[in-house]
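What follows is one structure encoded as structure tokens, with my remarks underneath.
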Amino acid sequence: MSDILDQLTEAQRAAVTHMEGPLLVVAGAGSGKTRVVTRRIAHLIQRGVWPNQILAMTFTNKAAREMVERVQSLTGERPPWVGTFHSACARFLRRDIEVLGDGRTGQFTIYDDDDQLSIIKLCMKEAGVNPHELTPSAVRARLSRAKCAGVDPDGLEADPDWQSRQVVGLYRDYERRLRELNAVDFDDLLLLSVRLLQEHPARRDVYHSRFRYILVDEYQDTNHLQYLLMRLLTGPEQNVHATGDPDQSIYSWRGAEYRNIMEFQKDFPKATLIRLEQNYRSTQLILNAANELIRFNTERIDKELFTENDSGVPTQVIHTATDRDEADWVAQRVQALRLEGVRLRQMAVFYRTNAQSRPLEERLMSAGVPYQLIGGTRFYHRQEIKDLLAHLQLMVNPRDAVALQRVVGCRPTGVGPKTVEAVVRQSADDGVAVLDLLADPAFPTRFRGRCNARLAAFAAWCRELRDLPRSPVGDCVAAVVEHSGILPHLAERQGRDPLALDRQENIAAMIDRAREFEHEHPDAALEAFLEEVALVADVDSHDPDSDVLSLMTLHACKGLEFPYVFIVGVEEGYMPHQNVIDHGSDRDVEEERRLLYVGITRARRAVALLHAEDRFLWDRASTRVPSRFLSELPSDDVERIDLVGRRSRRYSRW
DNA sequence: GGCGACCAATTTTTT
DNA sequence: ATTGGTCGCC
């Protein structure tokens, strides 16, 4: 017990020892929030609460894992259930989705945003919508926004915005298709869980008696559905604990409403409010810069972080001639710090968009600086990985015709889109899952189309796929790779596809990943593996133990900290982003400012903000303007270094 | 109808 | 860098 309460300030201790009733902790950047949350969980457990009566929801799987580890080392007990909203919902639905009676079963597939987009394109094609007038990604954004706000097609029909009403038909088609495919998208995980709890009080009671303590981290970034979920999961005892910081809300584009945190006390009038404003992470000068910057936002609760740390060194603002010089400066500075004995894992580079990593990577590579890229072209989104996953998804969910199409298309099978279309139509007519139809030994008699030898051979192959052993997971994935013929097919393409070798290696890495998963969860089913793969975030791949430089977007850096931080591309067009300048409101600009605030407050010892005079954008040179946010920094605490016209020409490619 | 080759178009941020 | 479209060949 004693070490749980060790070295805590009064405010922190009050939060840690809070037992019953609603609790809101407004925790500024670097104020020891994680510490407070993990210790509160440990404290609850030590006071006799069973770990499995606690449900904690974090923003990323990595945060969840960390929390589990820390609680475990504090208590030595079995850890509570910690996960993201999405993974918790996936588990609720695996169990209970059939209660909803919309035709979906516990074997549902989780579609990622790419799958979502292809379904929307299909719907648009069928409805004869011109994709140039209304782009599929705009439709997706609207549908997602509607879903996250809890608006169904009927509700959208009443929307005052005609552009929203325009997509009502597509919304209905899209939903119908997902139901037929026995699939859900990310938003559905939340939406259907909310529906489950709202419409089936008996299920809700089950969850209430199971989870007596609910904790929600990063509350400023919850959307309406997540808010409803929290309220629905909170039992009559109201043991709900939310933690967050309105100044770090950076996901409004995904439906996050930081008003949720502002109104917690209205929702729970008995709530205890604890504010953590002392920062233990950064130097005074870093904090001055951050405080001064965020003061320019009008919509916020007044909050001023303070620290008793050293004043440190001024924040540097570096103006270079080109993007190449910018990358060069970072590489050289990293090398210099290394010579001073700073480890690479103590440094990180942040940027606004994933595409900005390219010039950095080139310089770092030639300078011999090892780095890890968080995000970017994500592993699980590579085509060969998606091809392999489609096989597994089809095994689990025999109704997944989208997966079937991918399986057919990833290598020559003698079967093409037209034939698949006919088979899918037949399976719909018969009311039989498409894989079950194909795998049926009586397929030729049940399929009313032409059944030539190639199709019969493919049907036999499908039967073998369906009957492969599904556990243990590692063996299953290896067997599917073997059966799929993906590797020989890639080997054959070696000459024409320069990436063929990489792809083969990625497939091998995927088998390793499955074996690892099997090792961590010996009894887990194939479904569980697919779920993990579908729901892992990019920050989840961040490995703080390997001694390399970390590169990531400003969104991905949330929740992390590094002694030395570089932020590149601090220019109009990136910060704020061009889309915000062109179409955004003041509120959107404020979110961009918060994004930079989050980046700066990750740093313990020093921050450098870089911007270039000229930059290659879409293969064309463009002249850049420093970000408006740079002029908002306190000039006394900032050191401005202008390198334009000095060493630039040496490295310039013009 | 299937398949391979070639060209264009898209990328803000992510569970 | 993936994908979706079109074209010519089997």
Side-chain angles (χ1 to χ4, degrees), chain A residues 57-64 83-90 110-114 116-118 121-122 125 131-132 135-137 141 144 148 185-190 218 221-223 225-226 250-256 350-356 358 374-378 380-387 406 408-409 411-422 449-450 452 454-455 458 493 496-499 502-503 531 534-540 552-558 569 573-584 588 591-592 594-595 598-599 617-618:
Chain A
M57 247 106 54
T58 58
F59 203 70
T60 63
N61 292 290
K62 175 171 190 291
T84 62
F85 270 101
H86 289 83
S87 63
C89 287
I110 300 170
Y111 279 176
D112 66 20
D113 40 5
D114 291 337
Q116 214 181 345
L117 212 52
S118 34
K121 283 177 189 163
L122 259 159
K125 206 169 166 184
H132 293 289
T135 65
S137 53
S144 178
C148 287
D185 62 27
F186 284 136
D187 300 325
D188 286 329
L189 290 171
L190 308 173
E218 309 281 10
D221 279 324
T222 51
N223 64 30
L225 289 177
Q226 290 166 322
I250 53 174
Y251 282 93
S252 73
W253 50 273
R254 211 169 77 183
F350 306 149
Y351 35 78
R352 179 65 176 83
T353 67
N354 284 305
Q356 290 171 263
R358 278 280 280 298
I374 315 299
T377 321
R378 306 194 281 267
Y380 294 124
H381 286 217
R382 285 168 220 251
Q383 73 175 26
E384 64 279 11
I385 298 299
K386 292 212 65 165
D387 288 341
R406 215 179 160 107
V408 168
R411 102 209 97 88
T413 50
V415 176
K418 289 282 182 207
T419 308
V420 174
E421 210 182 297
R450 193 168 89 249
N452 57 32
R454 289 180 305 185
L455 180 55
F458 180 69
R493 296 183 52 107
R496 288 159 301 170
D497 181 358
L499 273 68
D502 288 339
R503 296 188 197 284
E531 195 168 292
L535 298 178
V536 285
D538 302 320
V539 259
D540 298 343
M552 68 192 83
T553 64
L554 284 161
H555 281 88
C557 79
K558 185 163 90 158
Y574 282 131
M575 287 184 241
H577 191 271
Q578 195 60 45
N579 288 3
V580 169
I581 295 174
D582 292 343
H583 309 113
D588 296 317
E591 177 147 316
E592 299 283 307
R594 286 195 292 270
L595 203 47
V598 167
L617 232 64
W618 299 302

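Residue numbering restarts at 1 for every chain, and letters A, B, ... go by the order of the sequence lines.
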Measure from the side-chain heavy atoms of A/Thr84 and tell me the nearest of C/dT2, B/dG1, B/dT15.
B/dT15
Which of the following nucleotides, B/dT15, B/dT11, B/dT13, is nearest to the side chain of A/Phe186?
B/dT15
Starting from the C-alpha separation in whole Å, work towards a yes-or-no answer on side chain to side chain contact (heavy atoms under 4.5 Å, CB included) for A/Thr553 and A/Tyr351.
CA-CA 5 Å; A/Thr553 64; A/Tyr351 35 78; 3.9 Å; yes
Could you state the atom-to-atom distance from [atom1] of [X] to [atom2] of [N] in whole Å?
X	N	atom1	atom2	answer
A/Met552	B/dT14	CE	P	11 Å
A/Glu592	B/dT12	CD	C1'	8 Å
A/Phe59	B/dT14	CZ	C1'	7 Å
A/Arg382	C/dT3	CZ	P	12 Å
A/Leu535	B/dT15	CG	P	10 Å
A/Tyr251	B/dT14	OH	P	6 Å
A/Asp112	C/dT3	CG	C1'	14 Å
A/Asp582	B/dT12	CG	C1'	13 Å

Could you tell me whether the side-chain ring of A/Trp253 sits stacked on the base of B/dT12, using a centroid cut-off under 5.5 Å and a plane angle under 30°?
no
Is there ring stacking between A/His577 and B/dT12, where the centres must be under 5.5 angstrom apart and the planes under 30 degrees?
yes
[N] OP1/OP2 closer than 4.0 Å to side-chain N/O of [X]:
X	N	value
A/Thr419	B/dG2	yes
A/Thr135	B/dT10	no
A/Asn354	B/dT12	no
A/Gln383	C/dA1	no

Rounded C1' spacing from B/dT13 to C/dT3 in Å
22 Å
Can you check whether A/Glu218's main-chain N or O pairs, donor with acceptor, with A/Thr222's side chain at less than 3.5 Å?
no
Would the distance check show the side chain of A/Asp588 and the main-chain N or O of A/Val580 forming a donor-acceptor pair, the cut-off being under 3.5 Å?
no
Measure the shortest side-chain to side-chain distance between [X] and [Y] over non-hydrogen atoms and say whether it is less than 4.5 angstrom.
X	Y	answer
A/Arg503	A/Asp497	yes
A/Ile581	A/Glu592	no
A/Arg382	A/Asp502	no
A/Asn223	A/Leu190	yes

A/His555/A/Trp253 aromatic ring centres below 6.0 Å
yes
When A/Ala534 and A/Leu117 are each assigned the nearest nucleotide of DNA chain B, the 5'-most assignment goes to A/Leu117
Nearest heavy atom decides the nucleotide; on that basis, is A/Glu591 or A/Val420 closer to the 5' end of DNA chain B?
A/Val420
Look at the aromatic rings of A/His86 and A/Phe186 and report parallel, tilted or perpendicular, splitting at 30° and 60°.
perpendicular
Could you go through nucleotides 3-7 of chain B and list every protein N or O atom that sits under 3.5 Å from one of its N or O atoms, giving the distance for each pair?
from: B/dC3; atom 1: OP1; to: A/Thr413; atom 2: N; distance (Å): 3.1
from: B/dC3; atom 1: OP1; to: A/Gly414; atom 2: N; distance (Å): 2.5
from: B/dC3; atom 1: OP2; to: A/Val415; atom 2: O; distance (Å): 3.3
from: B/dA5; atom 1: OP1; to: A/Arg496; atom 2: NH1; distance (Å): 2.8

Identify the pairs formed between an N or O of the protein and an N or O of nucleotides 4-9 of chain C at a distance under 3.5 Å, and give each distance.
from: C/dG4; atom 1: OP1; to: A/Lys121; atom 2: NZ; distance (Å): 3.3

Residue list, salt bridge (charged side-chain N to carboxylate O under 4.0 Å, His left out) with A/Arg254, at least two apart or on another chain
none
